[in-house]
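In what follows, every chain begins at residue 1, and chains take the letters A, B, ... in the order their sequences are listed.
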2 protein chains.
Amino acid sequence: MRTVRAGDHLDVVTIHRAVRERVGHVSLQAVYDGLHALHRAGLLRKIEPMGSPARYEARVGDNHHHLVCRMCGTVTDVDCATGEAPCLDPVDAAGFLIEEADVIYWGVCPDCHSQNP
Amino acid sequence: MRTVRAGDHLDVVTIHRAVRERVGHVSLQAVYDGLHALHRAGLLRKIEPMGSPARYEARVGDNHHHLVCRMCGTVTDVDCATGEAPCLDPVDAAGFLIEEADVIYWGVCPDCHSQNP
DNA sequence: GCCCTAAACCTGAATCATTCAAGTAAAGGA
DNA sequence: TCCTTTACTTGAATGATTCAGGTTTAGGGC
């Protein structure tokens with residue numbers, strides 16, 4: 001939890017490495033288990049941009065969204081475009097009970113853009 | 001293309017099966033290659049809800065969104081909540097050049113909901 | 001008609017994140 | 001002290017996707 005909170009949309013191997021530095025030795029499996037538990041408990045949010053491994057973040061509860069860079073894969077937080085309890089109301093829910101919205105904006109981050117104009 | 005258009009958010013194996021029925025024999029690889037090409041050309045849209053294989057759809061250009069059922073995995077189209085050229089404007093783009101927004105609403109579909117109330 | 005290049009397609013093996021399985025050690029409660 | 005649960009371990013399996021050749025098919029130029 002501390003590691004995820006300190007980091008920024010870390011993937012599992014990175015978390016594993018960081019936790020190992022902190023603790024000495026942990027198996028990758030233990031990290032997966034822990035992340036699952038924390039996620040199930042609602043303490044961690046999991047995001048999975050297509051084509052890249054899953055990432056975890058500690059900012060949870062507010063439903064904010066994510067900017068993902070097509071070139072370097074960086075993930076950045078964005079607040080919700082529509083306001084307060086937002087995005088949970090598509091025009092026509094087709095009878096679905098909607099629990100959560102997952103919004104990813106795809107684009108190019110400032111760094112990558114300045115390097116490849 | 002015809003198969004994807006006829007179907008409804010099909011995954012690759014399903015497309016493979018359907019194409020094989022139509023043509024006689026195709027390798028899975030050929031299907032992957034074809035889908036990639038069509039996707040690169042912008043004729044097909046690829047969606048990848050976390051935890052499930054990729055799905056393709058022919059409805060492209062308008063940026064509509066998707067409802068995914070947590071129980072059965074069904075994918076349903078929804079029109080964009082905010083209107084015309086939508087969702088492409090988060091409050092603060094943090095310098096990103098935004099090209100596309102990917103919105104997935106997670107919930108329970110009418111069928112599953114009526115079966116497990 | 002023939003050659004040559006490019007495209008489409010095949011089979012088979014590799015990759016990589018994630019999960020499953022089963023066993024061991026440690027901790028807590030009765 | 002015994003028993004059950006939890007945390008963690010190692011090692012193997014899964015499954016979607018991709019890579020890596022090799023082979024056929026189809027046109028275009030001469």
So which heavy atom on Ser114(A) is nearest to which on Asp111(A), and how close? OG-O, 2.8 Å
Quick one: do the Asp77(A) and His9(A) side chains pair a donor with an acceptor below 3.5 Å? yes
Rounded to whole Å, please give me the gap between CG in Leu35(B) and P in dT18(D). 10 Å
Arg20(B) has an atom CZ; how far is it from atom C1' of dC9(C), in whole Å? 14 Å
Can you run down the side-chain hydrogen bond (donor to acceptor under 3.5 Å, both in side chains) pairs that involve residues 20-32 of chain B, sequence neighbours left out, and say none if there aren't any? Thr3(B)-Arg22(B), His16(B)-Arg20(B)
Rounded distance [0.5 Å steps], CG in Asp11(B) versus OH in Tyr56(B): 10.5 Å
Integer-rounded Å distance: dA7(D) P and Arg40(A) CZ: 11 Å
Per-nt protein contacts along nucleotides 11-22 of chain C (heavy atom under 4.0 Å; B base, S backbone sugar-phosphate only, - none) come out as BB----SBBB--
Work out which heavy atom in Cys109(A) is nearest to a heavy atom in Cys69(A); give both atom names and the distance. N-SG, 3.4 Å
